[in-house]
There are 2 protein chains.
Amino acid sequence: MTDIRKIPPRRPMTLRDVSEASGVSEMTVSRVLRNRGDVSEATRDKVLQAAKELGYVPNKIAGALASSRVNLVAVIIPSLSNMVFPEVLSGITEVLDDTDLQPVVGVTNYLPEREERVLYEMLSWRPSGIIIAGIEHSEASRSMLRSADIPVVEIMDTDGEPVDAVVGISHRAAGRRMAEAIIKQGFEQIGFLGTQMPLDHRARKRFEGFTETLAKAGLEVLDQEFYSGGSALAKGREMTQAILERSPDIDFLYYSNDMIGAGGLLYCLEKGIEIPGRLGLAGFNGVELLQGLPRKLATMDTERRQIGRDAAGIVARRAKGEESEGGQRIVLEPKISWGDTLRRYKP
Amino acid sequence: MTDIRKIPPRRPMTLRDVSEASGVSEMTVSRVLRNRGDVSEATRDKVLQAAKELGYVPNKIAGALASSRVNLVAVIIPSLSNMVFPEVLSGITEVLDDTDLQPVVGVTNYLPEREERVLYEMLSWRPSGIIIAGIEHSEASRSMLRSADIPVVEIMDTDGEPVDAVVGISHRAAGRRMAEAIIKQGFEQIGFLGTQMPLDHRARKRFEGFTETLAKAGLEVLDQEFYSGGSALAKGREMTQAILERSPDIDFLYYSNDMIGAGGLLYCLEKGIEIPGRLGLAGFNGVELLQGLPRKLATMDTERRQIGRDAAGIVARRAKGEESEGGQRIVLEPKISWGDTLRRYKP
DNA sequence: ATGAAAGCGCTAACAA
DNA sequence: TTGTTAGCGCTTTCAT
């Protein structure tokens with residue numbers, strides 16, 4: 001055995017170190033470490049042994065440069081505090097775990113300029129694919145996405161022109177469908193509660209689909225409340241109180257997400273408001289949290305994990321060289337989860 | 001103007017392309033793009049112009065290899081679905097945003113083997129620093145951390161021997177302190193509800209500190225419930241029901257996290273159990289969600305954002321070459337948030 | 001089954 | 001202020 005000193009190295013090990021320690025050429029060491037090409041058992045063992053003893057960690061930077069292959073998949077999302085995105089991520093991870101691809105996450109805080117920066121930064125590492133939330137991007141971002149020449153999957157939203165592939169739901173249709181359900185249940189005095197986010201295109205589209213369908217039935221949104229920042233649950237309470245005091249005739253509240261919806265639900269239960277007889281409620285997303293509430297809030301499940309899985313699947317398959325050209329389009333159908341706050345008439 | 005074809009390139013641009021398009025040497029182009037060294041306004045403009053028209057995105061892989069500088073900070077956490085970690089991340093991002101460092105997130109799912117893999121994978125990209133949750137790691141992981149020769153900050157937990165720097169709280173002390181508070185309020189029949197996770201060392205340590213202090217007062221945990229998977233809120237309900245039915249004498253429930261605590265609280269309120277007169281409750285973490293509940297659950301704020309900020313600060317300063325040697329130790333003091341479910345006697 | 005040479009796209013160090 | 005020359009640590013390709 002070569003004399004291996006236990007002193008922690010000031011300079012990371014290189015292939016050459018392993019090569020010298022094992023008496024095998026760098027090239028063969030490289031082959032062993034990557035399980036490529038034929039190597040005899042004997043040399044293989046020698047190399048592995050030396051690598052282990054030295055605590056060798058390969059330098060992917062050098063490897064990537066030499067092979068122009070990078071096992072990274074850039075995932076760009078607006079936020080981590082909205083549980084929706086961790087769930088997408090978990091779907092992505094689930095699929096990528098079976099490949100040698102690795103997700104790298106960037107967060108934009110819903111800001112297009114930040115999206116540009118994050119995208120640029122990530123592209124400069126030459127990832128094997130990009131999964132990016134939303135279908136609305138700045139011209140600069142779209143241009144980067146187009147010329148990156150790697151699979152690009154835009155997720156969550158399918159209302160618009162994707163750069164390449166897209167996986168998600170139609171938020172406009174989601175808004176429409178919820179409006180239909182509400183109308184069918186005989187609600188007529190409808191309030192809307194949402195986030196104060198001009199840049200949340202998905203919420204905007206839902207709202208558009210929602211009002212559009214109401215309009216066709218001769219209805220409109222009576223009153224609205226918006227919030228930004230703070231505990232969504234608490235905000236849901238406050239907004240619900242505010243809107244009900246201002247517009248006491250309201251008989252339905254449509255929330256743009258489940259957290260504020262849950263807050264509203266808790267508030268109404270405390271106040272003894274009869275639900276859904278006197279007042280109907282619905283949220284959006286289908287978050288797990290709803291399972292633990294005193295009553296089940298109506299919502300629409302957006303299958304985030306599945307979106308993540310599908311998106312990762314597309315990237316993985318294309319990275320492997322399968323599937324000739326891009327442009328897949330997977331539109332999931334969100335289903336209304338009726339819960340206990342939307343159905344007035346027995347089905 | 002050079003003849004620039006609008007055809008999306010099959011091969012990413014290189015410095016050389018920009019050099020040729022602008023008639024400036026590669027070296028000078030490189031200088032312009034990195035704002036390094038003196039470059040005349042004229043050449044600078046030429047280069048920037050060409051780079052922009054070509055849609056040039058630098059290749060950080062090559063840059064990193066040449067300069068042996070990587071602006072990545074590896075952040076290794078057990079989970080993204082536990083809101084605690086996104087919050088830490090947001091503290092990290094907050095600080096790194098003012099530097100040129102970029103966080104890269106890896107998730108271990110609380111599995112030591114996965115931690116090893118993720119760590120190995122990340123180290124192979126030669127990051128400028130590592131922020132890793134927890135202070136308990138496999139021998140292989142510790143060994144990698146030690147020999148990486150970059151700043152390593154272990155976060156969340158300070159009970160143990162860190163490899164290098166550490167930022168967090170003492171979970172043992174947190175458990176002790178909560179036990180003291182409970183005892184002082186005159187509770188004596190105490191139940192504990194937690195996760196079925198032998199690998200959640202922090203929860204274990206809190207429990208140890210908790211029982212230790214109870215023991216000194218001649219008390220012990222009367223009954224316990226554990227869960228794994230599913231909606232924490234719903235589980236909190238179920239477990240609370242179960243433990244109260246089994247041990248009706250219990251007058252205090254200590255939950256190992258706020259989500260199950262919140263579920264328990266909702267359950268108790270529905271059942272009309274007098275809180276905290278008949279039954280006291282406390283959770284752990286201080287999550288935002290608690291703000292929206294009908295009553296404020298007692299908890300202990302663990303200042304996750306601050307932990308993230310401090311950890312990132314250490315990495316950033318050391319990456320800049322400040323601070324000679326490592327080993328910082330920042331122990332934050334978690335404070336009891338009394339809420340409405342712990343205090344029987346007016347203060 | 002193994003090795004030698006060339007070069008991936010950049011930047012450090014030096015020269016002009 | 002600008003350019004030239006060597007690599008950075010690997011992998012590709014081609015020999016042996």
**Message:** Can you see if the side chain of A:Arg31 gets near the phosphate of C:dT2 - specifically, an N or O under 4.0 Å from OP1 or OP2?
**Reply:** no
**Asked** Nearest-Å distance, CD (A:Glu26) to C1' (D:dT11)?
**Response** 11 Å
**Asked** Can you check whether A:Ser25 has a side-chain N or O nearer than 4.0 Å to OP1 or OP2 of C:dG3?
**Response** yes
**Asked** For C:dA1, does OP1 or OP2 lie under 4.0 Å from any side-chain N or O of A:Thr28?
**Response** no
**Asked** So what does A:Ser40 touch, heavy atoms closer than 4.0 Å: a base, only the sugar-phosphate, or nothing?
**Response** sugar-phosphate
**Request:** Would you please confirm or rule out a distance under 4.0 Å between OP1 or OP2 of C:dC10 and any side-chain N or O of B:Ser30?
**Result:** no
**Message:** At less than 4.0 Å, is any side-chain N or O atom of B:Thr43 found next to OP1 or OP2 of D:dT2? Yes or no.
**Reply:** yes
**Prompt:** Rounded to whole angstrom units, what separation is found between the CG atom of B:Leu15 and the C1' atom of D:dT4?
**Reply:** 15 Å
**Ion pair check, A:Arg117 and A:Glu113, cut-off under 4.0 Å** = no
**Message:** What is the distance, to the nearest angstrom, from the CZ atom on A:Arg36 to the C1' atom on D:dC10?
**Reply:** 13 Å
**Item:** Pairing of A:Arg202 and A:Glu136 as salt bridge, 4.0 angstrom limit
**Value:** no
**Request:** Mind calculating the distance between CZ (B:Arg16) and C1' (C:dT11) to the nearest angstrom?
**Result:** 15 Å
**Item:** B:Ile61 CD1 to D:dG7 P, straight-line distance once rounded to whole Å
**Value:** 23 Å
**Request:** Verify salt bridge (charged side-chain N to carboxylate O under 4.0 Å, His left out) between A:Asp100 and A:Arg69, making sure each step is shown before the conclusion.
**Result:** CA-CA 11 Å; A:Asp100 63 348; A:Arg69 244 189 294 282; over 6 Å; no
**Request:** Would you mind classifying the nucleic acid contact of A:Arg69 as base, sugar-phosphate or nothing, using non-hydrogen atoms under 4.0 angstrom?
**Result:** sugar-phosphate
**Asked** Taking 4.0 angstrom as the limit, do B:Arg114 and A:Asp97 come out as a salt bridge?
**Response** yes
**Request:** Please state how far atom CZ in A:Arg126 lies from atom P in C:dC10, giving the value in whole angstrom units.
**Result:** 7 Å
**Request:** Any chance you could lay out the side-chain hydrogen bond (donor to acceptor under 3.5 Å, both in side chains) test for B:Asp310 and B:Gln328, step after step, and finish with the verdict?
**Result:** CA-CA 10 Å; B:Asp310 287 345; B:Gln328 292 100 320; over 6 Å; no
**Prompt:** Taking the nucleotide of DNA chain D with the closest heavy atom to each, which residue, B:Ala62 or B:Gly23, is nearer the 5' end?
**Reply:** B:Gly23
**Asked** Rounding to a whole Å, what distance do you find between A:Arg44:CZ and C:dT2:P?
**Response** 11 Å
**Request:** May I ask you to evaluate whether B:Tyr56 reaches the phosphate of C:dG9, defined as a side-chain N or O under 4.0 Å from OP1 or OP2?
**Result:** no
**Nucleotide D:dT16, atom P - distance to CE of A:Met27 in whole Å** = 17 Å
**Request:** Map B:Leu65 and A:Ala66 onto DNA chain D by nearest heavy atom, then report which one ends up closer to the 5' terminus.
**Result:** B:Leu65
**Request:** Quick one: label A:Asp38 by what it contacts on the DNA or RNA (base, sugar-phosphate, nothing), any heavy atom closer than 4.0 Å.
**Result:** base
